[in-house]
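In the text below, chain A, chain B and the rest are named by the order of the sequence lines, each starting its count at 1.
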Amino acid sequence: MDSKTILANNFDGAQQELLSKLLTSLNTEQKVWLGGYLSGINESTGALLQLLAQDKSIGTLAQTGTDAPQLTILFGTRTGNAQKIAKWAQSKANGLGVNANLVSLNDYNPKQIKKEKNLIVIVSTDGEGEAPVSAEEFYNYLHSKKAPKLEGVNYAVIALGDSSYQFFCKTGKDIDEKLAELGGERFAERIDLDLDFDEPSKEWIDVNLEKFAEENKVAPQNGATSVIANAQAIEYTQESPYDAVVLDKILLNGRGSSKETHHYEFSIEDSGITYTPGDALGVFGFNDQSLVNKVIEIAKLNESDRIMVGNKEKTLRDALTYNYEITRLTPPLLKAYAGLAQSKKLDQIIGDQSEFEKYLWGRDLIDLLEEFPVNLDQKLLFETLRKLQPRLYSIASSYNANPDEVHITVASVKYQHNKRLHQGVCSNYLANHVDDDTTVPIYIDENIGFRLPNDPSTPIIMIGAGTGVAPYRAFLQERELSDNAGKSWLFFGERNFTTDFMYQTEWQKFKKKGVLSNIDIAFSRDQKEKLYVQHKLISQQKEVFNWLQEGAHVYLCGDKNAMAKDVKEALIKVIEQAGGYKPDKAEEYFKQLRKQNRFQEDVY
Amino acid sequence: MSTTTDIKTSPVETIKTDSNYLRGTIKEGLQDELTGSLPADDTQLTKFHGIYQQTARDLDSERKKQKLEPLYSFMIRVRVPGGIASPEQYLEMDRLSDKYANGTLKLTTRQAFQFHGVYKKVLKQHIKEINNTLMDTIAACGDVNRNVMCSPNPEVSSVHAEVFEFSKTISDHLTPNTTAYHEIWLDKQLVGGGEPVEDNEPIYGKTYLPRKFKIAIAVPPDNDTDIFTNDIGLIAIKEKGKLIGYNVVAGGGMGNTFGDERTHPLLAHEIGYFKKEDTLTIIEEIVKIQRDNGNREDRKIARLKYTIERKGIDWFKAELESRSGIKSQPVKSYNFTTTTDRYGWVKCEKSNWNYTLFVEHGRVKDTTKIKMKTALAEIAKVHKGDFRLTANQNIIIGNVNASGKEKITAILEKYNVDAKNDFTPIRLSSLACVALNTCTLAHAEAETYLPSLMDKFEKLLAKHKLSEQAITIRMTGCPNGCARPYNAEIGMVGRAPGVYNLYLGGSHIGKRLNVLYKEMLHEKDILEELDTILEKYAKERKEGEFFGDFVIRKGIVFVGEF
């Protein structure tokens, strides 16, 4: 059947016209997405799929002839990092003459997998070793009885994670093993990437895709350059951040507060930097000298020793200050250290899963050095210390409303452990060493998983606790510029009304202008019983459910451990109680919200 | 009655008219979680409910930069007609000050309890719990009759008891009828259920009075309630130890506005003597005369004192007679000797004792040295008599029997609270209002500053060997005069932080206003000026001559016409 027949058999005249128009207007990525989306709905959309299948542009991106090898790149991400790497891989592959399609696991029909010839799966791991939501369905399918045999499928896995968590890169590892078990064949060894993934991921892509192209006998195209070289052309990244001048630093907490949260405004005037509400700002902080001194003292290091950091030689003091993480312990560090320490107690800790986790929590390098003194091998220490990472902060401003500025909201991380004050690297660097006119290295970290609806008239429900309120300031600034912005509802939680109502006067102005329609506030410490945003959601459940029915998008931002889980449970409860759904149906409803990108989260 | 809609009325008059008997949108405002404040118009109405919205003024600009609204809180004034509270009531005030307010209690110059720093979130619950003690806050402020003051006069208890009962009668008689208070704060539904009943204010009408209205009663020889500074003052007249009636004075008031020559403090005029059974009618008619004739265009000149000034005292007397149908008799003779309190233990009739405790500027609090707040709460737990608030911001532990006296003395000693706490007579005669940091009207500090200034005054007096001399010293943060500064021998009224106008020459017994001596003085200037004058006073005073009388006699200030 040709496309005309398919159209005529299935759609009326007006629909045929609309569809023709639509299909010609879509770009390839959009068509691929639509295909995945339709196949996810049900069988009766088969006709549309057939139409899409006939579209020559799909699957022929960077077309090099019909013989070009097909490569499907799947990514599952929460923060957008996996997508970033997937894009690099796609661009490298296309440059090599490989026919690479990029599909989010959120949109991918898992049943497709048995038809794939060549596959790269790039997937991150959430906190406790779970798959990110977008990859959940794919992961579960592979691990279910329905999983197909995958003989003839060549694949490779890029796993992302954070080595300070116990289940480092677990989702990627599981998928890699499962694909092999089902009969798939690795064309490249898996790589497990930590937070400093940029360089190693690009290296992996360069090496393995070049090998892949060679094995599949494709002639490299003009312009097939290394990803690393390409990336350097992009101006401000984690590798080459922008030195932004601080325009303003404001303590947002009133006197007597139990918290310390600062608002920072950086100048990006003439930098060419742009960003979208929902994005994060990468900020580089440095270790406090008092900590560095103590590490040098306890570990009996020589501060003027020369150390190689990447390809640069530095003094040991500078390396500890600017390049290595000393305020957190990671599992690899602890394991390597245990090898040196020869301590029964430490071995016992490492041997016991929950003891191991408990030990990692809240301790820094000094705690470890003090509790298990050893004659430290300097080389081994620097091999196992993790590189100091920039910290990511949700951007609190809208670019369109402040084209020369970018704002963030930063709560100082401070806690007592072993009778010593422990402080977060970046938040305290900013709080203690940064002032107006200081220069701070920054870059934009795109977060496509946290975006305002394309249609500004769509209602939005914004749920945030603490600094989790930051992106909503950006959202409302952005919607204030729109002529047809829909209604909006903010749920905000903090400790005390009088001191911790961050951006209070701005919300008041937004409310007065109608940019913000509803606001519900939970201050946990203003009364005997703790009151949190999830309680406010429940008490407003009827109205919240009505908004969901009207198509509202729901956003959740803030602390992963303290809030996210409870809020999600509360939302399901709202659906259950106000919507009259049975528990399992309510969960299904919520799942659909996620699938439709109507529930998005930015938790940390 | 007239609501004077044909002339251009002041904005507050419009708010009152539109408020549906003092409701406004207070109820809705309490629900708004986005702000700790109430809508501006409603803050005019909450005064009628005994509630003032305030901010921590020194933080206003800092918080603005922090993107936080001003630190709003509320001051709540509890009416204590005649100034008498039971130990149970006192204990509740003490508890509520810790639970909802800033942990202190303020005893006001009008014998009321005041809470400070109450946040909106707990405001309603606080008011509810105050009402549970059978005290309330309605009409503690606003354009109505306020707390009726009555001399606690410990030596003549039998007359005092009757006078006290009368102060309650006046208070009840002039309390607004509106059910708004009960509806908003106590969740009381209008009875009947069907058609909402329209409120009715037979004395006040829909727009209440043009301005605040104050009534006080004194029992000679004490003028501790400073009756001449009130809209209506009553002087109890005894015959053979029995109360027979009152001399009525009217048209006093302290408030004025800097730079507005139409405004000034005035002492009340003597109107005449009335039999005790006629007095309530006289009071009601004076209130009504002011209701119908007070200025409703300009609040600055709306008090009864200006009405009488404008219309003339003869007109006023004639109007009162024609409205009441009661002829006044000539004022009966009376003799005031003091405006201050007697401190420590005083034996009264029926062989009971009263203990007057000096509370500097009325602030009941614990310091590291003196645990006055704890001591008073402990006393309230064992005390069988009553507590009396004085117009000098002190507290009397009243009607104590011999065994009670022992217990209370022990408690006072335990918490380092002793009768005079070694205060000098001059400190015992000092008054100050709250002023900065919370009062929205204040230009300068008073309560928070005067104690430290008193340290320096004491040194001056010692230098001139005047330490045993009582001189009334009163300080306010603004010209409205809550601590009655114009009726003191030395008055200081704030102009700007650290800057005061200095007034001299009031009478010690509160019967003559003082006069502006010098403007815009800093502490150094004030001390230098007083040093010179006190030196002169020490050398040249007549025997028993009060400081206020001395400066007039010597022409240091001139008493002229206003």
| Has B:Lys64 got more than 12 heavy atoms of other residues, nucleotides or ligands less than 6.0 Å from its NZ? | no
| query | Side chain, backbone, both or neither: which part of B:Leu71 has a non-hydrogen atom closer than 4.5 Å to chain A? | reply | side chain
| More than 12 heavy atoms of other groups within 6.0 Å of A:Lys259 NZ | yes
| Side chain, backbone, both or neither of B:Thr35 within contact of chain A (heavy atoms, under 4.5 Å) | both
| B:Lys121 vs A:Gln527, side-chain contact (heavy atoms from CB on, under 4.5 Å): CA-CA, chis, key distance, verdict | CA-CA 10 Å; B:Lys121 195 181 160 69; A:Gln527 58 283 308; 3.1 Å; yes
| query | Does any heavy atom of chain B fall under 4.5 Å from the side chain of A:Phe497, the backbone, both, or neither of them? | reply | side chain
| query | Going by heavy atoms in the side chains, are A:Tyr503 and B:Leu68 under 4.5 Å from each other? | reply | no
| task | Look up atom CZ in A:Phe492 and atom CD in B:Glu33, then write down how far apart they are to the nearest 0.5 Å. | result | 12.5 Å
| said: I'd like to know if the side chain of B:Gln66 and the backbone of A:Leu252 have a donor-acceptor N/O pair within less than 3.5 Å. | reply: no
| remark: Bottom line for B:Tyr72: the part with an atom under 4.5 Å from chain A's heavy atoms is neither
| task | Check A:Arg473, A:Met502, A:Gln508, A:Gln504 against B:Lys67 for a side-chain contact (heavy atoms from CB on, under 4.5 Å) and give me the one that passes. | result | A:Arg473
| Roughly how far, to the nearest 0.5 Å, is CG of A:Asn518 from CG of B:Leu34? | 11.0 Å
| remark: Per-residue tally against chain B (heavy atom, under 4.5 Å) across A:Thr498, A:Asn253, A:Thr499, A:Ile250 peaks at A:Thr498
| Take atom NZ in A:Lys542; do more than 12 heavy atoms of anything else shown fall under 6.0 Å from it? | no
| task | Measure B:Lys65 against the heavy atoms of chain A and call it side chain, backbone, both or neither at under 4.5 Å. | result | both
